[in-house]
Amino acid sequence: MQAKVVIVGSLNMDLVTRAPRLPRAGETLAGQSFVTVPGGKGANQAVAAARLGARVAMIGCVGEDAYGEQLRAALLAEGIDCQAVTSITGESTGVALIVVDDSSQNAIVIVAGGNGRVTSGVVERFDELLSGADVIICQLEVPMAAVGHVLKRGHELGKTVILNPAPASEPLPAQWYAWIDYLIPNESEASALTGLPVDSVATADAAATALLASGVSKVIVTLGEHGALFATRAHSQHFPAPRVKPIDTTAAGDTFVGGFAAALADGKSESDAIRFGQVAAALSVTRSGAQPSIPTFDEVQSYQP
Ligand code: RIB
């Protein structure tokens, strides 16, 4: 039986434009292409965990509209349990307006829509999914009250609880830290959570030390092409990133989180799960779009540096 990963989080339709560079304030730029692509940090992590070997269920909300149906269909096509993907009458589905430039960097504006309607009450209706999970993952594209509820409940149930604090603009509620087994911020999120500058392995280590002092068990700071820093109270270790030519970094972090969770749930060691997530994320940046860029288990297994 495959291990079970449950994701509580966002589903967005990504409206993606490629342009030579990101626009400046007040500027109109001619784009090179436009596509709509299934995304949202929660849904991306669900797809990553499913393609990378886990049995997955998603808890989230969409509007009663065409985007909501398309996002649900995209998850169902991956074999993801969508019984807890709830349609909200009169609400629109979440969207993300994304510009990707020629150097593969992106800028994203999200409009929450149905994601803003994920409450503790919605999550409580699907408590049996949390009870049946091996690993539970949250991000911050749904309301904080719901995230806090899931972290606390996951901890009470003795599950492995992962928080990817994305996006983050301020420190987390102090009581959350004790409920989290793995906190997985990127550089800017680690900086927002700690107030420390994070732009290198050494500064990531300092931020991880501050987060560990707040009570979280383990921290993985993802550093893009510079790899990842894994830290516990006993030790820290840098994992260099596989070298690839990036096309689009959208959902690379989500692919890492989903891949790490799937590997961990499958019984891999933390080190092996980190390396597995890194290869998956590296492959994802060589392709365009959020969910379409996420590799399969076999692609990761057969990756040759
Ligand atoms: O992490 C990438 C995701 O962030 C995109 O798919 C977009 O929907 C935003 O939520």
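Just so you know, ligand 1 is whichever comes first in the structure, and atom 1 is the first atom listed for that ligand. Computed from heavy atoms alone, side chains included, the values below leave out hydrogens, waters and symmetry copies. Since the model is a prediction, treat every value here as computed from it, not as a measurement.
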*Within a strict 4.5 Å, meaning less than it, do heavy atoms of the P165 and L193 side chains meet?*
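Yes, their side chains come closer than 4.5 Å.
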
Side chains of [X] and [Y]: is there a donor and an acceptor less than 3.5 Å apart?
{"X": "S288", "Y": "D248", "result": "no"}
{"X": "T93", "Y": "D65", "result": "yes"}
{"X": "S236", "Y": "D205", "result": "yes"}

*Considering only non-hydrogen protein atoms, determine which one is nearest to atom 4 (O) of ligand 1 and report residue, atom name and distance to 0.1 Å.*
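Heavy-atom neighbour on the protein nearest atom 4 (O) of ligand 1: K41 NZ, 3.2 Å.
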
*Are any of the heavy atoms in G40 under 4.0 Å away from ligand 1?*
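Yes; G40 lies near enough to ligand 1 that a heavy-atom distance drops under 4.0 Å.
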
*Are any of the N/O atoms in N44 less than 3.5 Å from those in ligand 1?*
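So ligand 1 has an N or O lying under 3.5 Å from an N or O of N44.
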
*asked:* Is it the case that ligand 1 has an N or O less than 3.5 angstrom from some N or O of T250?
replied: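 The answer is no, given that T250 and ligand 1 share no N or O pair closer than 3.5 Å.
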
Could you tell me, atom by atom, which parts of ligand 1 come under 4.0 Å of a heavy atom of [X]?
{"X": "D254", "result": "1 (O), 2 (C), 3 (C)"}
{"X": "A290", "result": "6 (O)"}
{"X": "A96", "result": "7 (C), 8 (O)"}
{"X": "E141", "result": "4 (O), 9 (C), 10 (O)"}
{"X": "D14", "result": "5 (C), 6 (O), 7 (C), 8 (O)"}
{"X": "G39", "result": "6 (O), 8 (O)"}

*For the pair E270 and R275, find out whether any cationic side-chain nitrogen is under 4.0 Å from an anionic carboxylate oxygen.*
no

*Does K218 make a cation-pi contact with F230, if we ask for NZ or CZ under 6.0 Å from the ring centre and within 45° of the axis?*
no

*Under 6.0 Å between the ring centres of F276 and F297?*
yes

